[in-house]
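Contents: one structure, followed by commentary.
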There are 2 protein chains.
Amino acid sequence: MRLTEKGIAAALKHHGYKLTPQRRVVIGAITASPDHLTPADIYRKVHKEHPNIGLTTIYRTLEILASLELICELHAGGSGRSYTIGAPEHHHHIICSSCGAVVDFSSYDISPLEAKLSRETGFEIEGHLLEFTGRCRRCRQNA
Amino acid sequence: MRLTEKGIAAALKHHGYKLTPQRRVVIGAITASPDHLTPADIYRKVHKEHPNIGLTTIYRTLEILASLELICELHAGGSGRSYTIGAPEHHHHIICSSCGAVVDFSSYDISPLEAKLSRETGFEIEGHLLEFTGRCRRCRQNA
DNA sequence: TCTCTAAATGAAAATGATTATCATTTATAT
DNA sequence: ATATAAATGATAATCATTTTCATTTAGAGA
């Protein structure tokens, strides 16, 4: 289950941010895409319909959305930063290296591993990064 | 078990790369540090003793070392790219968010999870990213 | 609905990281 | 010792991201 455009808009307001037309457009672009998008990707996507939206605004909006965990930052694959739509529950991502599609999975609980590592290394675990890359079913069939 | 300066130098030669003084210095800086280092970090470290080594050379050397998997690229934490010394076996990393120390762990086999995901999602898994951040024992005790 | 104000925007410049270029130097095979 | 392809360093070019600041605007309250 992924967050919806309406849900994200409501969460923004709930946290005291203004719901500007520009922010609506950025949120719309992210919720409409199954892929991971860089700030430049989003700029290109929205620039046709909304040529007045600046890249700076996109950066600022993405930063807010990420800080509220309404979108997820991805690390695997490309070198630059990219984002995908968030979800209500904690989850991880599989990214298709061919088409860029992102699939969530929440069927894995990482906390036992965290506990084990904490015991073995003396670290107090604060966070983790777990992502997979691969080729999605469709891309495999098209090959 | 981590790779040694000698082992990395030998591997470089084995793959047909020349073992220049500059590369030796970069390799030395990485093997000498328990932390993750950005290209700029390494430049600062080596610049005192070897002011003639350019940042460009450091970038080029890091790229080669990473492509041969003699060093590991880290993603968690900082935004820029950073590296740490490699190891002979596949492993993952825990990074101290306070002091930057990197601890390896290889006590976790991710392949059952990969198989499960492949079955559930139809993806052919190609790679993964698994890192933890936390506070190491020493930093916790100093706090 | 109107007004006000803090927040948000966009354009531009500044910054910072990374890559490309190219003339010069050098590690190593012979 | 020599030849040569590879590597280097200085510089410039590129690209992503952040800062700045004057202007605009969403939304709270009258």
message = Using 30° and 60° as the class boundaries, would you call the ring planes of B:His47 and B:Tyr43 parallel, tilted or perpendicular?
response = tilted
Integer-rounded Å distance: C:dA8 C1' and A:Arg24 CZ = 15 Å
ask   = Taking only N and O in the side chain of B:Thr20, is any of them less than 4.0 Å away from OP1 or OP2 of D:dT8?
value = yes
task = Send over the distance from A:Leu19 CG to D:dA26 P, rounded to a whole Å.
result = 10 Å
task = For A:Tyr59 and C:dT9, give me the distance from atom OH to atom C1', rounded to whole Å.
result = 17 Å
remark   = Ranking A:Thr61 and B:Pro21 by the position along DNA chain C of their nearest nucleotide, the one closer to 5' is A:Thr61
ask   = Looking only at side-chain N and O atoms, does A:Arg23 come under 4.0 Å of OP1 or OP2 in C:dT9?
value = yes
ask   = Taking only N and O in the side chain of A:Gln22, is any of them less than 4.0 Å away from OP1 or OP2 of C:dG10?
value = yes
ask   = Measuring from B:Ile30:CD1 to B:Asp35:CG, what's the distance to the nearest 0.5 Å?
value = 12.5 Å
ask   = So does A:Lys18 get a side-chain nitrogen or oxygen closer than 4.0 Å to the phosphate oxygens (OP1/OP2) of D:dA28?
value = no
task = Round to a whole Å and report the spacing from CG of B:Asp41 to P of C:dT18.
result = 11 Å
remark   = Atom OH of B:Tyr17 and atom P of D:dT8 are separated, to the nearest Å, by 12 Å
Whole-Å gap separating P (D:dA16) and CZ (A:Arg60) = 18 Å
request  = Could you check how far CG of A:Leu55 sits from C1' of D:dT19, rounded to whole Å?
outcome  = 14 Å
key: Plane angle bin for A:His75 and B:His75 - parallel if under 30°, tilted between 30 and 60°, otherwise perpendicular   = perpendicular
key: Side-chain N,O (A:Arg81) to OP1/OP2 (D:dT17) below 4.0 Å   = yes
remark   = Of the listed D:dT19, D:dT8, C:dA20, the closest approach to the B:Thr56 side chain comes from C:dA20
message = Run the side chain to side chain contact (heavy atoms under 4.5 Å, CB included) test on B:Ile95 and B:Thr84 for me, step by step, so that the C-alpha distance in whole Å, both residues' side-chain angles and the decisive distance to 0.1 Å come before the verdict.
response = CA-CA 10 Å; B:Ile95 304 137; B:Thr84 194; over 6 Å; no
key: A:His15 NE2 to C:dA8 P, straight-line distance once rounded to whole Å   = 14 Å
request  = Quick one: do B:Val102 and B:Arg2 satisfy side chain to side chain contact (heavy atoms under 4.5 Å, CB included)? Show the steps, please.
outcome  = CA-CA 12 Å; B:Val102 177; B:Arg2 295 181 165 188; 4.2 Å; yes
